[in-house]
There are 2 protein chains.
Amino acid sequence: MSATLSDIARETRTSISTVSRVLAGGTAARRISRATAERVRAAAQRLGYRPNLVARSLRTRKSDTIALLISDISNPFFGQIGNLIERSLHRHGYSLMLCNSGEDPQREVEYLQLLSQKAIGGLIVVPMARTRKQLLEFLPQDLPIVVLDRPVPGINSLVASDQDQAAGILCDAMERAGVKTVALVAGPQEVQTHRRRAEVISQRMEVVFRHEGPAQPETGRQAYIQCMGIDVDAFACTNNFLALGVIDCIAALESPPVIGCFDEIPLVDLLPLPIVASLQDVPMLAESCVTQLLRQLNNDQEKPSPIILQSRAKSNKAFHEYREQHGKIAAS
Amino acid sequence: MSATLSDIARETRTSISTVSRVLAGGTAARRISRATAERVRAAAQRLGYRPNLVARSLRTRKSDTIALLISDISNPFFGQIGNLIERSLHRHGYSLMLCNSGEDPQREVEYLQLLSQKAIGGLIVVPMARTRKQLLEFLPQDLPIVVLDRPVPGINSLVASDQDQAAGILCDAMERAGVKTVALVAGPQEVQTHRRRAEVISQRMEVVFRHEGPAQPETGRQAYIQCMGIDVDAFACTNNFLALGVIDCIAALESPPVIGCFDEIPLVDLLPLPIVASLQDVPMLAESCVTQLLRQLNNDQEKPSPIILQSRAKSNKAFHEYREQHGKIAAS
DNA sequence: TTGTATGCGTTATCAG
DNA sequence: CTGATAACGCATACAA
């Protein structure tokens with residue numbers, strides 16, 4: 001058991017309040033004489049004092065723990081983000097509570113309710129909830145919150161990629177490579193991100209086949225199987241998990257179609273398939289979440305405004321070869 | 001703001017302790033009359049009572065939050081484990097605090113100290129610390145703890161893979177494929193897992209080149225570059241991150257060597273390299289951690305004993321072809 | 001069967 | 001400049 005304020009007070013023959021003020025620092029500490037402040041600090045040091053964060057939370061009604069509510073930390077995209085957010089928060093003195101909703105709205109609500117019970121100090125969330133009301137219903141009014149990846153109308157504290165731009169550069173790349181007809185493999189259309197990506201692709205490309213399902217490799221496999229017989233230049237997938245399933249099936253072909261997708265595909269350069277991906281700026285997404293959140297935690301008065309990041313296209317060698325063969329001559 | 005015990009007491013014209021006893025359930029609740037118990041439960045329901053977990057923690061000196069202290073959640077191995085552990089804990093009513101040590105002993109110590117300040121209820125840790133003393137120094141004596149993946153002498157509450165068996169089946173597979181000479185690419189030898197794997201490989205195979213460094217792809221790349229000119233049948237890597245770096249460099253060769261490694265390589269079946277990996281039973285590792293921990297949390301009297309899991313070998317098509325060409329005839 | 005009183009360790013208010 | 005003292009919400013020993 002660590003020493004308490006009261007231990008230090010006894011040791012220094014001062015009162016608990018004095019000790020608290022000294023150790024709290026800030027304005028309160030300045031109203032204390034150099035002498036006693038020094039004595040208190042010395043005693044705290046000597047006794048190895050560490051504040052009881054639970055007691056502090058009970059009193060202040062907030063903790064230095066931030067919740068990260070996402071669908072699944074084993075998704076590499078969230079794994080990277082989670083790692084970066086945790087590092088950054090830790091540097092700023094906060095801890096992270098990890099909450100996997102598993103894309104299950106009910107689990108999301110359960111967690112949302114938990115937050116106030118635990119006096120969680122802030123929330124970074126990739127929401128299932130589609131409306132501001134749904135999302136905030138069970139949360140304390142003043143809880144600092146950052147919505148990540150999926151815009152929710154009426155919430156300005158947003159960090160996300162510009163999905164129109166992201167899908168746009170993907171279509172650009174495919175067009176330049178001579179892709180005309182595409183099979184669209186889409187994740188759940190209830191999810192903003194998947195929906196918007198699918199919409200842009202549908203507008204820009206000639207979609208001759210379409211399959212929708214959970215954002216898992218299995219959905220990609222099913223799409224490929226059902227699409228057999230139909231001739232397409234490319235499979236466009238609204239995320240990398242879907243693409244993995246398609247790639248898995250497609251590898252055997254002698255003249256494989258293009259794969260267009262979003263986010264990172266591991267070892268993409270080694271795969272004998274033409275692949276082009278639209279990559280989000282993951283480190284910037286993570287860091288933006290933290291700065292956006294810290295601003296609210298520090299009671300910065302200016303209202304938060306959305307942070308929208310640009311994506312960039314990345315393709316592998318096989319894609320470049322494909323483009324050599326099928327692509328238009330680039331009009332400079 | 002949620003209702004408190006005191007609100008319910010006032011509403012039902014009983015006392016705080018009565019309400020507390022009813023809502024606590026268990027033995028205390030049985031000593032209360034059906035009538036008042038019902039009244040209390042009804043009021044709690046009506047007022048939407050949710051216990052303030054911070055206050056409870058302060059009083060009981062423990063919380064229902066479990067810490068997971070690992071090196072890096074963006075490592076897919078830990079991502080999977082983290083996801084499974086979080087799901088399982090959540091089902092059992094616990095939350096997860098995620099701590100990335102980044103393989104930095106100092107960050108590990110920082111986190112260890114934090115746990116008691118937060119009254120964390122239990123710990124699952126992949127430790128840097130090599131001794132029982134180092135690990136437990138800053139922890140409450142009675143904290144339920146599970147050591148994952150890296151045995152620490154004197155701590156029985158362990159969940160890990162049998163590294164001798166894991167490395168053994170990898171060597172078996174390579175031998176059967178006709179591999180004689182290997183380049184050993186090893187992670188930090190301070191880490192139990194890497195060290196043991198390297199030892200077994202060194203005993204079983206003819207190691208003609210050796211490179212050690214952080215368990216990152218970059219180390220694998222360096223190893224490959226420094227190994228150029230030396231003729232080896234295989235690269236044996238003590239984990240998948242190292243292997244990724246080697247694979248990255250090696251892909252271009254017309255007659256590539258075998259890659260032997262541990263844990264999952266994404267899209268391994270599509271890669272044009274002979275790869276064999278020794279796979280840990282990740283879901284079982286995760287679930288074992290939770291059961292091992294819950295047993296301690298429920299004050300089960302029997303002392304915990306280590307849970308050691310077996311691995312299995314998995315290879316891709318290219319490896320099978322390699323084996324056809326170079327392998328011994330299997331002596332039945 | 002139920003109520004009263006105390007304390008967990010802090011922060012914050014109000015007197016001096 | 002400093003010290004009592006009152007919460008925060010809950011669990012629990014002790015009375016009744």
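Residue numbering restarts at 1 for every chain, and letters A, B, ... go by the order of the sequence lines. Only heavy atoms go into these numbers, but all of them, side chains included; no hydrogens, no water, no symmetry mates.
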| query | Got Ser157(B) and Gln296(B) here, is their nearest side-chain heavy-atom distance under 4.5 Å? | reply | yes
| Phosphate oxygens OP1/OP2 of dG3(D): is one of them under 4.0 Å from a side-chain N or O of Thr18(A)? | yes
| request: Report, as yes or no, whether the 6.0 Å neighbourhood of atom CZ on Arg87(A) holds more than 12 heavy atoms from other residues, nucleotides or ligands. | output: no
| note | In whole angstroms, the gap separating C1' of dT2(C) from CZ of Arg39(B) amounts to 11 Å
Please produce a list of atom pairs where a protein N or O lies less than 3.5 Å from an N or O of nucleotides 12-16 of chain D.
none

| query | Between Thr4(A) and dG9(C), is there a side-chain N or O to OP1/OP2 distance below 4.0 Å? | reply | no
| At under 4.0 Å between heavy atoms, what does Ser6(A) touch on the DNA or RNA strands: base, sugar-phosphate, or nothing? | nothing
| field | Residue pair Arg130(B), Arg150(B): steps toward the side chain to side chain contact (heavy atoms under 4.5 Å, CB included) verdict | value | CA-CA 9 Å; Arg130(B) 296 283 297 279; Arg150(B) 303 174 184 171; over 6 Å; no
| request: Compare the minimum distances between each of dG9(D), dT1(C), dT2(D) and the side chain of Asn52(B), then state the nucleotide with the smallest one. | output: dG9(D)
| query | Run the side chain to side chain contact (heavy atoms under 4.5 Å, CB included) check on Val147(A) and Asn156(A) step by step: do they pass? | reply | CA-CA 8 Å; Val147(A) 171; Asn156(A) 288 317; over 6 Å; no
| Can Glu11(A) and Arg46(A) be counted as an ion pair, charged N to O under 4.0 angstrom? | yes
| CD of Glu38(B) versus C1' of dT1(C): gap in Å, rounded? | 16 Å
| query | So among Asp64(A), Thr65(A), Thr60(A), which one has a side chain to side chain contact (heavy atoms under 4.5 Å, CB included) with Lys62(A)? | reply | Thr60(A)
| Could you give the CZ-to-C1' distance, from Arg13(A) to dC1(D), as a whole number of Å? | 19 Å
| task | Check every strand shown and say whether Arg31(A) touches a base, only sugar-phosphate, or nothing at a heavy-atom separation below 4.0 Å. | result | base
| query | For Arg34(A) and dT2(D), what is the distance between atoms CZ and P respectively, to the nearest whole Å? | reply | 12 Å
| field | Upstream residue (5' side of DNA chain C) when Arg61(B) and Ala37(B) are each assigned their closest nucleotide | value | Ala37(B)
| Value in whole Å for how far the P atom of dA12(C) lies from CG of Leu23(A) | 14 Å
| request: Rounded to the nearest angstrom, tell me the gap between atom CG in Leu5(B) and atom P in dC8(D). | output: 13 Å
| task | Would you indicate, yes or no, if dT2(D) has its OP1 or OP2 atom less than 4.0 angstrom from a side-chain nitrogen or oxygen of Thr36(A)? | result | yes
| Looking only at side-chain N and O atoms, does Ser57(B) come under 4.0 Å of OP1 or OP2 in dC10(D)? | no
| Between Glu38(A) and Arg41(A), is the closest basic N to carboxylate O distance under 4.0 Å? | yes
| field | Value in whole Å for how far the C1' atom of dG9(C) lies from CZ of Arg56(A) | value | 10 Å
| field | Nearest-Å distance for atom pair CG/C1', residues Asp64(B) and dC10(D) | value | 14 Å
